[in-house]
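Below, chains carry the letters A, B, ... as their sequence lines are ordered, and counting in each starts from 1. Predicted model, so just to flag it, every value in this text is computed and none were measured.
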Amino acid sequence: MTSVAVGLAGIASLFILMLLRTPVAFAMMIVGFFGMWVLEGLRSAGGVMVTESYSAVSSYSLIVAPMFVLLGNVSSAAGFSSGLYDAAYAWVGRLRGGLASASVLACAAFAAVCGSSVATAVTLGKVALPEMKRLGYAPGLSTGAIAAGGTLGFLIPPSTGFVLYAILTEQSIGRLFMAGVVPGLLLTALFMGVVWIVCKITPEAGPRGRVMSLKEKLSTVGRSAPLLGVMFLSIGGIYAGAFTPVEASGIGAALVIILAFATRSITFGAFWGAIQDTLKTSAMLYAIVIGANVLNPFLAVTRIPDFLGTALQDLGFGAYGSLAVIILAYIVLGMFMDGLAMLVVTVPIVYPMIVQFGFDPIWFGVIAVIVIEMGMITPPVGMNVFVVRGVAGDVPLTTIFRGVFPFLLAMIAALLLIIAFPQIALFLPNSMFG
Amino acid sequence: ETFKFANYMAPTHPYVASTFDPFAKAVEEGTKGEVKVTVYNGGEMGAGPAEQYARAVDGVAEFSISLPGYTASTFPLTLAAELPGVLDEKTGTETIWKNIELFQPEYRRVKLVALWSSAENIIYSATKPIRSIDDVKGMKIRVPSRNSGELVSAWGGTPVSMPVSDVYNALQTGVIDAAMIDGTATKAFRLGEVAKFVTLGMETTNSPFFIVMNRDAWDSLNDEQKAVVEEAGKQASMNGQASQLRVAADGIETFAQMEGREVIRLTPEEAAPFNQAAEEVTARIVDEIGGDAEAIVEALKAN
Amino acid sequence: MLEITRSGPARSIDRAAKVLSTLAGISLLFLMAVITISVLARYLFNSPVTGVDEIIQLTAVSVVMLALPHATLSGAHVRVDIFDQLLGRWGRLAGDVLARCLSGFVLAILASRAWGKMLDAYEYEDTTNMLGLPIWPFYGILAAGIGLCLVVYSVELFSILSRGERE
Ligand code: NA
Ligand code: NA
């Protein structure tokens with residue numbers, strides 16, 4: 001069997017294992033391990049398992065996940081999250097799907113300090129999902145909004161995706177960051193539009209709140225203060241350069257715990273419960289990261305991306321025809337691969353073709369990042385969907401994938417707009433850097 | 001037989017074309033195709049430099065490229081070569097290979113294939129120029145290794161350790177004031193976009209690179225094949241250093257030509273206080289390592 | 001996910017997972033404290049604690065690996081539930097058995113490799129770069145956490161095979 005054939009068999013097995021209810025994390029580990037064994041022998045396969053496990057759990061930047069989950073869990077247990085959402089409900093609850101739109105906006109704000117989609121989805125999901133559930137939002141809409149909103153973490157700068165693309169293609173990180181701003185805002189607006197349309201079609205998905213007097217509205221502000229204050233301090237601290245995201249996550253969690261005990265909003269039992277929940281969610285998240293990291297070297301040695309690249313060159317479509325094929329190939333690969341891994345293996349193959357066709361490399365960086373974001377919410381391997389499923393607790397994966405679908409359409413719309421009007425991406429960097 | 005070569009750097013990194021691809025080709029041609037080497041770039045075999053040594057030890061890949069500084073406790077002797085004033089920037093790699101036997105005891109878990117010294121580290125500062133040692137006082141400076149941290153402390157600065165991939169954001173947001181790294185960073189990590197000043201001319205550390213090989217994979221080769229790998233590795237060391245020095249010098253040149261950027265070259269008088277501190281640091285660390293460290297440093301200096 | 005039989009060995013696994021999970025909780029709070037203190041130290045005393053990232057990274061290893069067995073035991077892992085109805089009772093049973101056999105095999109490999117890494121790190125006295133903290137105990141924790149997950153899956157497998165699906 002050729003390595004490409006083994007790769008395709010591996011992908012098929014991944015489908016079958018997941019369909020047969022193998023936990024996603026273990027399905028990826030199993031396929032990565034056995035695939036590597038077949039192609040490269042037992043030494044490499046076992047080696048990948050142990051080094052990827054250790055490097056994932058000892059990763060510094062991943063620590064934002066358990067810390068922000070802890071922040072969210074303690075806030076919920078102490079009633080701070082409901083305080084914040086009560087206030088949001090009082091002010092925007094009258095609007096169609098107002099809370100889901102507010103959550104998308106919150107995702108965008110968090111994305112402006114956090115380079116990772118998964119961390120954005122975890123952080124907002126932990127705070128927003130239980131509250132939207134409490135206020136009667138359909139689980140499909142609320143989880144879909146958070147899973148899709150989380151992907152903004154990748155498009156709105158800072159973004160690990162742009163940094164990697166810049167290094168792979170020798171483009172300027174600053175230019176790419178600037179190029180991501182307007183498309184990021186555009187996508188945020190489109191997501192809010194999706195929420196509005198979904199609620200227009202099925203009003204019960206995001207029930208309208210009752211009319212409240214200004215006095216009632218003002219009375220909710222105080223209850224939103226603790227969580228708003230903590231978020232302002234920790235996220236504002238990252239903006240101001242006072243600390244790194246990991247530091248912000250740790251300090252945010254510590255502040256919430258201190259506030260909760262100082263205001264007697266939490267019992268020790270409830271606190272310990274929040275910690276145990278945090279541990280379960282974190283272990284689940286890390287297991288998925290390990291799974292993805294074990295799967296990636298296998299996909300690399302199968303040479304499937306090379307194979308696709310050669311095939312594309314042989315086809316001989318024109319510039320836009322090839323671009324369409326590249327985007328489709330990215331969407332297909334994105335169904336299985338982790339976004340950053342996909343960038344690494346595909347950009348060296350695709351980038352020279354893009355330049356040859358006369359496309360702007362900065363513009364293509366934006367396109368690539370949006371397509372990779374789509375991969376994070378498409379089945380069967382959609383990291384953001386898994387993560388939201390993990391923090392939501394009781395929503396079936398099917399419901400989330402279904403809830404995400406209209407947001408995927410919004411991303412396709414954004415893609416088409418940016419292809420038709422490259423200035424959406426290029427205006428800002430070109431006017432700033434000349 | 002096909003061996004995997006794990007490279008965490010981007011496929012566009014100058015090392016790939018100048019050093020890794022020629023190494024792969026030399027092994028394949030030297031063994032008449034009996035041993036092929038496939039280079040996996042951009043961390044396809046696993047991301048980041050920190051775990052690359054483990055990837056060779058565990059056999060994730062048969063070869064891997066990394067810096068001994070990431071697993072410093074395993075390589076105290078090799079890292080004596082990074083101390084200021086030990087190696088000459090131009091002839092460092094030749095000197096290392098004349099004395100290669102001295103380092104071998106540290107490479108029991110792998111086969112040492114290539115080892116080369118890098119360009120000297122320089123300092124990229126975000127907004128505050130470093131023109132004298134007094135300017136360093138109180139500055140938070142990212143350092144590439146423990147030894148470099150000792151050096152920054154001796155200059156009166158505050159060393160901060162962070163992965164190189166975070167340096168761009170940290171300089172931009174002001175989490176750190178400056179970063180110690182070699183001149184390749186202008187392009188490789190785009191530091192030219194976030195730093196206004198580069199200071200050089202004082203004695204600093206360098207950051208040696210190595211290519212290591214999985215032991216079992218090495219043992220599976222016959223004597224002729226082993227000789228081919230060793231020869232290709234030695235050549236890779238020379239290529240690696242040549243390419244590194246060229247790109248670093250180019251990086252400094254590029255930085256100087258960027259608008260609103262300044263390269264500060266310290267005069268011997270300005271550099272003297274830096275160098276005196278450096279000398280003390282080298283002496284103290286060599287003393288702390290103990291064992292053969294002093295003999296090795298003497299041998300390296302003698303060349 | 002699956003309720004384990006109330007037999008003796010199952011109870012002691014439950015207890016072991018809970019003990020590890022308690023230790024993980026303490027590690028989590030310690031992790032948060034270290035991060036907070038390091039920032040405070042930097043701003044109040046203008047002196048970053050060198051090598052604090054090493055403490056943070058090693059603590060993260062124990063948080064995750066000590067929490068993993070309990071998470072696995074309580075079915076916290078994300079599964080694709082799209083086809084549950086379609087599979088039917090026997091399909092689900094077969095899937096659950098297959099998942100545990102294959103996952104168990106891979107986890108066994110991982111546990112044994114981690115154990116080997118622990119011995120290796122101990123023999124060569126591997127330490128962290130800045131603070132010189134020994135690394136072998138953390139490979140030990142990796143091996144232990146994965147090992148206990150393996151035991152959890154074995155017991156669940158036994159329970160499924162002897163009693164059929166219990167959901
Ligand atoms: Na972002
Ligand atoms: Na996907």
Answer whether the closest heavy-atom distance between the side chains of [X] and [Y] falls below 4.5 Å.
X: C:Val63; Y: A:Leu279; result: yes
X: A:Phe26; Y: C:Leu107; result: yes
X: A:Val294; Y: C:Val106; result: no

Exercise for the section: Would you indicate whether C:Phe30, at its atom CZ, is surrounded by more than 12 heavy atoms from other residues, nucleotides or ligands within a distance under 6.0 Å? Expected result: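 Atom CZ in C:Phe30 is not packed in, count stays at 12 or less.
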
With side chain to side chain contact (heavy atoms under 4.5 Å, CB included) as the test, would you mind laying out the steps for A:Met67 and C:Leu31 before giving the verdict? CA-CA 9 Å; A:Met67 285 295 122; C:Leu31 179 62; 3.7 Å; yes

Sort [X] into side chain, backbone, both or neither according to what part of it lies under 4.5 angstrom from a heavy atom of chain C.
X: A:Ala253; answer: both
X: A:Ile251; answer: both
X: A:Phe15; answer: neither
X: A:Ile63; answer: side chain
X: A:Ile16; answer: neither
X: A:Thr278; answer: side chain
X: A:Leu70; answer: side chain
X: A:Phe33; answer: side chain

ring-ring contact (aromatic ring centres under 6.0 Å, His included) partners for A:Phe405, two or more places apart: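 Checked A:Phe405 against ring-ring contact (aromatic ring centres under 6.0 Å, His included); zero matches.
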
Least distance between heavy atoms, C:Ala71 atom then A:Ala283 atom
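Closest approach of C:Ala71 to A:Ala283, heavy atoms only: CB-CB, 3.7 Å.
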
Contacts with chain A made by [range] (heavy-atom distance under 4.5 Å), listed by residue number:
range: residues 111-125 of chain C; value: C:Arg113, C:Ala114, C:Lys117
range: residues 16-23 of chain C; value: C:Ser21, C:Thr22
range: residues 138-149 of chain C; value: C:Phe138, C:Tyr139, C:Leu142

What part of [X] gets within 4.5 angstrom of chain A, counting heavy atoms only: side chain, backbone, both, or neither?
X: C:Leu58; answer: side chain
X: C:Ile109; answer: side chain
X: C:Val61; answer: both

Calculate, to the nearest 0.5 Å, the distance between atoms [atom1] and [atom2] belonging to [X] and [Y] respectively.
X: C:Leu68; Y: A:Ser282; atom1: CG; atom2: OG; result: 11.0 Å
X: C:Ser74; Y: A:Lys280; atom1: OG; atom2: NZ; result: 4.0 Å
X: C:Leu87; Y: A:Leu19; atom1: CG; atom2: CG; result: 6.0 Å
X: C:His77; Y: A:Phe386; atom1: NE2; atom2: CZ; result: 13.5 Å
X: A:Glu52; Y: C:Leu110; atom1: CD; atom2: CG; result: 11.5 Å
X: A:Leu20; Y: C:Leu98; atom1: CG; atom2: CG; result: 6.0 Å

Options [options], ranked by heavy-atom pairs under 4.5 Å with chain C, top entry:
options: A:Ala25, A:Ala45, A:Gly46; answer: A:Gly46
options: A:Gly390, A:Ala27, A:Gly47; answer: A:Gly47
options: A:Tyr54, A:Tyr286, A:Trp272; answer: A:Tyr54
options: A:Val246, A:Ile275, A:Ile30, A:Ile257; answer: A:Ile30

Check whether C:Gln57 reaches the backbone of A:Ser59 with its side chain - one donor and one acceptor, N or O, closer than 3.5 Å.
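A pair under 3.5 Å: no.
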
